[in-house]
Amino acid sequence: MFGNKKRNKNTMSQKDITKFDKRPLKYVTMRDPDTYKEIRLGENGAVNIMDGDFVLVCLGKDVMRCSLSEVSVGELMNLSGITVKGIDKTSGKEMSVIAYFADKF
């Protein structure tokens, strides 16, 4: 009844998501829905969690900024990166990206 809120099984808890804070990124990609090719959105960045937002930053620019309470994050099977889905606060559109971790972390 109370406290039995169902959690989306396709995402991590907010506690698990916050472990990626300050994690360096090699690059961030998005699949083009028309051609199904990967588009590189940025490189040499980091995951930042600040002011209740989950932010992917590459070379000082926000690639994706979502509310931490609404973002969906999952690790890749080989643990080399994460998939991130959510409504981008900058564009207002739903985005699905893959962020690949830098090797040196």
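We number each residue from 1, following the sequence as shown. Worth knowing before you read on, the calculation uses all heavy atoms, side chains too, and leaves out hydrogens, waters and symmetry mates.
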Under the side chain to side chain contact (heavy atoms under 4.5 Å, CB included) rule, what do Leu68 and Gln14 come out as? Steps first, then yes or no, please.
-> CA-CA 7 Å; Leu68 184 59; Gln14 282 190 12; 4.2 Å; yes
Test item: Met95 and Lys85 side chains (from C-beta on) under 4.5 Å apart, heavy atoms = no
Apply the test side chain to side chain contact (heavy atoms under 4.5 Å, CB included) to residues Tyr100 and Val28: give CA-CA distance (whole Å), side-chain angles for both, the deciding distance (0.1 Å), then the verdict.
-> CA-CA 6 Å; Tyr100 295 93; Val28 178; over 6 Å; no
Cluster overlap Ile87 with Val63, hydrophobic side-chain contacts below 4.5 Å = no
More than 12 foreign heavy atoms under 6.0 Å from CG of Asp51: is that the case here?
-> no
Atom pair OG (Ser80) and CD (Glu75), whose distance is rounded to the nearest 0.5 Å = 9.5 Å
Quick one: do Ile39 and Leu25 end up in the same hydrophobic cluster if we chain Ile, Leu, Val, Met, Phe, Trp and Tyr together by side-chain heavy atoms under 4.5 Å apart?
-> yes
Give a yes or no on whether Met12 and Phe101 share a hydrophobic cluster (residues Ile, Leu, Val, Met, Phe, Trp, Tyr; joining criterion: side-chain heavy atoms under 4.5 Å apart).
-> yes
Go through the side-chain N and O atoms of Ser91 and Asp88 and say whether any donor and acceptor fall under 3.5 Å apart.
-> yes
Do Phe20 and Phe54 have ring centres separated by under 6.0 Å?
-> no
Can you tell me how far OG of Ser67 sits from NZ of Lys89, rounded to the nearest 0.5 angstrom?
-> 5.0 Å
Path from Val97 to Ile49 over hydrophobic side-chain contacts below 4.5 Å = yes
Is the backbone N or O of Val55 less than 3.5 Å from a side-chain atom of Asp53, with the two atoms forming a donor-acceptor pair by type?
-> no
Please walk me through it: do Arg31 and Ser96 pass side chain to side chain contact (heavy atoms under 4.5 Å, CB included)?
-> CA-CA 8 Å; Arg31 189 165 302 275; Ser96 178; over 6 Å; no
Do NZ/NE/NH1/NH2 and the carboxylate oxygens of Arg65 and Asp62 come within less than 4.0 Å?
-> yes
List the steps and the verdict of side-chain hydrogen bond (donor to acceptor under 3.5 Å, both in side chains) for Thr35 and Asp32.
-> CA-CA 6 Å; Thr35 63; Asp32 183 4; 3.0 Å; yes
Taking a hydrophobic cluster as the set of Ile, Leu, Val, Met, Phe, Trp and Tyr residues connected by side-chain heavy atoms closer than 4.5 Å, whether directly or through intermediates, do Tyr27 and Ile98 fall within one such cluster?
-> yes
Yes or no on side chain to side chain contact (heavy atoms under 4.5 Å, CB included) for Leu56 and Val84, after CA distance, side-chain angles and deciding distance?
-> CA-CA 9 Å; Leu56 298 176; Val84 183; 4.2 Å; yes
Looking only at non-hydrogen atoms, find the nearest pair between Gly42 and Cys58 and report the distance.
-> C-SG, 3.6 Å
